[in-house]
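Everything below concerns the one structure shown next.
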Amino acid sequence: MELWVLLIFLILFPALVALLFGILPNSRLRDTIVVLVSAIIIAASLCLFVLFAGAGKVYVDINGDMISQIMIGLEVIISAGLLYLAAKYRQYIIAGLVVVQLGVVIYAESLMQGTEALNNLFIDPFSIIMAMIIGIIGSLICIYSVGYMRDYHAHHPEMPDKRRWFFALLFVFLAAMFGVVFSNNLFWLFFFWEVTTLCSFLLIGYAWDEESRKNAFWALLLNLVGGLGFAFTFIYVGMIDPSGNLIMMDTLLAAGPAIAMIPAALIGFAGLTKAAQMPFSSWLVGAMIAPTPVSALLHSSTMVKAGVYVIIRFAPIYDASMVGYIISLVGGVTFLLASGIAISQSNAKKVLAYSTVANLGLVIACAGIGSYAAVWAAILLVVFHAIAKSLLFLSVGTVEHKIGSRDIEDMKGLIGRLPIMGLMMIIGIAGMFLAPFGMLISKWAALLSFIEAQYGFVLVILLAFGSAVTVFFWTKWLGKLIEVAWKPERMEVKISNFEFSALVPLAVLMVAVCIGFPLLSTYLVVPYVFAIYGLSATLGQANMIIMVMMVFMVLVMPLSLFYFRKNRKIVAHYVGGRPATQDMHFKGSIGVQRPVALGNYYLTDYFGEQRLSHIGNGLCIIFIAMIAIVLILGVGI
Amino acid sequence: MSYITKSPWVIHYDGSSCNGCDIEVLACLTPLYDLERFGIVNTGNPKHADVFLITGGINEQSRAVVKNTYDQMPDPKVVVAVGICAATGGVFRECYNIMGGVNEVIPVDVYVPGCAARPESIIDGVVRALGILEEKRAKMAENGGDKK
Amino acid sequence: MITGIPFEILFAIGFVILAPFIGAFIVGIDRKVTARMQGRVGPPVLQPLYDIFKLFEKEKVVVTNEVNFYILSHLIFVVFTGALFFSGGDILLVIFALTLAHVFLILGAYAAVSPYSHVGAGRELLQLMAVEPMLIIAAAGFYMVTESFAVKDIVLSPGLPVMTIPLIFVGIVFVLTIKLRKSPFDLATSHHAHQELVKGLTTEFAGPTLGMVEIAHLYETVFLLGIVWLFFASASMPWIGVLAVIIVYFLEILVDNTTTRVRWQVMLRSAWLVALVAGAVNLGVLALM
């Protein structure tokens, strides 16, 4: 199997299927095709991994001229469409951004005549990891969506059924993401990047009522701002080297900080917006209005990963530089403050959204430091987060449909009412923060890289506090899930096979990746890091063994539940001595039966959304301004 | 060797008393009498307790609570009724709301008379209760640990 | 090596076997000294052991069966944490393992569902959140002493670590009060005869379940004092560390008996402030030097 066949297939096949959906009427045929196509994409991604994992960096030559022309043509069409929508809904800033961006791109294109565009596509271990995330997790989410969207429209009969566009967009999105991670040509990367922005906009606005429109436009606006920064890179590159060689990412990276710092900063800025770092976090939080598969796919496991993907790519440039350090600060401050906000939220999707923002902040903090240990940590964080967060979003989506609420306070005792869903959620939450699961290893490496960086102690402090805060809100949620009254009433609900066939593999994958992370590290991450830095970071043999031991303990320990089932006498809870019933009603004074209501700490005085957002946005705006100043003064290199 | 007599934890509850006996019970824990040197600790939690030190009579409202608290204590356990109100209802026996002493609701092992019972009597009563506790524990071990 | 077994394994096994007894002894001395401070005689020094043995003689009573699973996991991970630490392992992993152990304890209290254990669990979470930054900053500080997270390397390094990270040491002593559940920070549950929220976190644990919690507490005490010792770690003169531990623990008892419980806001704020100052100043100075 030739590499170019696989890459082209992965990029084009989902896009073509999407076109097909545009034509097919709403029907069950479409659902079957979704499942089939998803399975094919999973197979193709695995094929890519099996065949090319050990191959190192491989380029694919495709004659770029015609494709670049097609891309520009498509960009014009898309811009026209966006302008129409912007005009219709009086979104003047967006209209302005679209026009300026198109202008910048065309101007930059004109600067670079005679582009002998070769090596437009490539793979290396990092893009294989990303491709697997997109191909496997993304496809599983598409399968899940079939079941979810049926429930969604059953719950919202008044909403027009635009599912064919929904699935079409999902697959266009997958195609674009593959394009992002396989592109070496920055123009192409930008094109695919903007397609993902478009998909995000349309998918957030799926319901197309006032609120979803508002959130969709806001997301579009912020992402266009980032895209504009990306586009300015081309002008810079075109001016420096009209032959257009620097448009190739590897050439640009190889040119070193002297030349590449400004593009790195501009593209880094684009990455910050796409990864919803402060001060741009509000679009991601608002995007939670979209159907849950959209939140899972775009806004936690894949699209936002594109943002951190480019920043990690430019990590060698950020290494030991002031610009990189400031980008780290943006990530670190976002990590701390977004985690703090998550404490005060009881809407499950908002908690997940802020947690996503926070984790991406941690990844960016590592990538900004840019050392070999930091990049190692960053890539592992990306992998673990993608799996755990998508598992959590999908679980929340299913649970929301079954219990009718997405509030954490309503998920009390879920492990008794919906045991399997509760277990999925527990696995997801554990994967997010608990030793010995994956996040932990990444945090270890992140801390190590922070200590060794110059002025890194600030990041150490941010990580220390942020880490403590994440323990709080996850454990709180976990506690809610296991708070089962004496005899829980199991809910008789049917969860569709589509949803299960996504949830179960994800849960298995979560555990497998945690146990098998040494393999992941050795065969994919270390080769990538080694190829760039000539060094690598590992936990050390002894610690690896201990980590695996801990994982087994966490998996074997639950077997003790069977031992503890017998020989125990069950007594009542202590409610001040008052007799209490099984469902925690106690006889209050004057003999009145009262329910016991147990809430949780939300600490809104300390961790309120408003307050922390203001602080975070303010700080990060200052940081981004500092990047600009540093570049202008020329000290950032 | 049994440890239950070396570490008897007490829960103190007041059914419906004038609080005189309660104050005497608390006095036992002060440095003057220092019950802690026998390993006695006043936990307020029936699940942690071995000795149920109860004062005051039983009325309709405290009936269920006393029973509930007693039931939540794990075996082996003993009940020490302190003061004449806990024994028989005491000076409030004829009142319309008092049903009688503690033995209306739960089985009592030791009665400590007095109004208010003096700390020395209370300590004496607890020590006797410890002997009974040890017997119960031996019987429980004979029957093969806990029954369920 | 002794008879072919490496020191690491010996120390780990030694910890697992001896720590409950050493811990019981320390806690027993604690109660004796506390009693003397209050003008009382106090219980025998071995009282903690009597308490634990008694608890295992009691009937196996629970509110729900799952609670035992969480508490057993808590115990096992506390033991694991200490064993890893005393075998010279990675101190950051040790801290993360301790967090895991505490999460299990908190989950056990949540699973018990009663109002007191629920609020106790919430407060224990606050305590955990208050303590965690200082612990991670301490790990970073230790790394800066010897360029390694391994406890073995820290012990074998020349000089006393406390000379390099004095502020972090002060921070750890502050946070130790929270971890040892001493007044003024005994919010989640309290020991001996103090009551808060009835018994807070441990309200619904009875008999052997409570016994496991108590054993875990003994292991944890030894481990935490081990961390204090680590600041004064010197392979050639280990007694300096022991002296420091004795002084620090005596200070803890003193603070325990002379302060009253504070609200969680005060605890959280003060612990974080201490961590921030200790971290920023100590780490910052070390980084900029």
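What you see is a predicted model; the values in this text were computed from it and never measured. Per chain, numbering begins at 1; letters A, B, ... match sequence-line order.
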Taking side chain as everything from C-beta outward and backbone as N, CA, C, O, which of these in Thr202(C) sits under 4.5 Å from a heavy atom of chain B? Side chain, backbone, both or neither. both

Distance check, rounded to the nearest 0.5 Å: Lys54(C) atom NZ versus Asp50(B) atom CG? 3.5 Å

Evaluate whether atom CZ of Phe56(C) has more than 12 neighbouring non-hydrogen atoms of other residues, nucleotides or ligands under 6.0 angstrom away. yes

Evaluate the side-chain contact (heavy atoms from CB on, under 4.5 Å) criterion for residues Arg37(B) and Arg40(C): first the C-alpha distance (whole Å), next the side-chain angles of each, then the deciding distance (0.1 Å), finally the verdict. CA-CA 8 Å; Arg37(B) 67 195 142 113; Arg40(C) 298 183 288 120; over 6 Å; no

In terms of heavy-atom contacts, does CZ of Arg63(B) have more than 12 from other residues, nucleotides or ligands at under 6.0 Å? yes

Rounded to the nearest 0.5 Å, what's the gap from CD on Gln38(C) to OG1 on Thr30(B)? Could you check? 11.0 Å

Best-contacting candidate, Ala35(C), Ala206(C), Gly39(C), Gly42(C), against chain B by heavy atom pairs under 4.5 angstrom: Gly42(C)

When rounded to the nearest 0.5 angstrom, what distance separates NE2 in His48(B) from CG in Leu210(C)? 4.5 Å

Electrostatic pair Lys6(B)-Asp51(C), nearest N-O below 4.0 angstrom: no

Does the side chain of Lys47(B) come within less than 4.5 Å of Phe205(C)'s, by heavy atoms? no

Here the gap from Ile4(B) atom CD1 to Phe53(C) atom CZ, rounded to the nearest 0.5 Å, amounts to 14.5 Å

Sub-4.5 Å side-chain heavy-atom contact between Arg31(C) and Glu36(B): yes

Taking atom CD of Gln265(C) as the centre, report whether more than 12 heavy atoms of other residues, nucleotides or ligands fall under 6.0 Å from it. yes

Euclidean distance, Met140(B) CE relative to Lys58(C) NZ, rounded to 0.5 Å: 8.0 Å

Taking all atoms of both residues into account, what is the closest heavy-atom pair of Val198(C) and Gly44(B), and its distance? CG1-O, 3.7 Å

Approximate separation, where rounding is to 0.5 Å, of Ser7(B) OG and Leu55(C) CG: 6.5 Å

Main chain of Thr203(C), side chain of Asn45(B): is a donor-acceptor contact present, judged purely on distance under 3.5 Å? yes

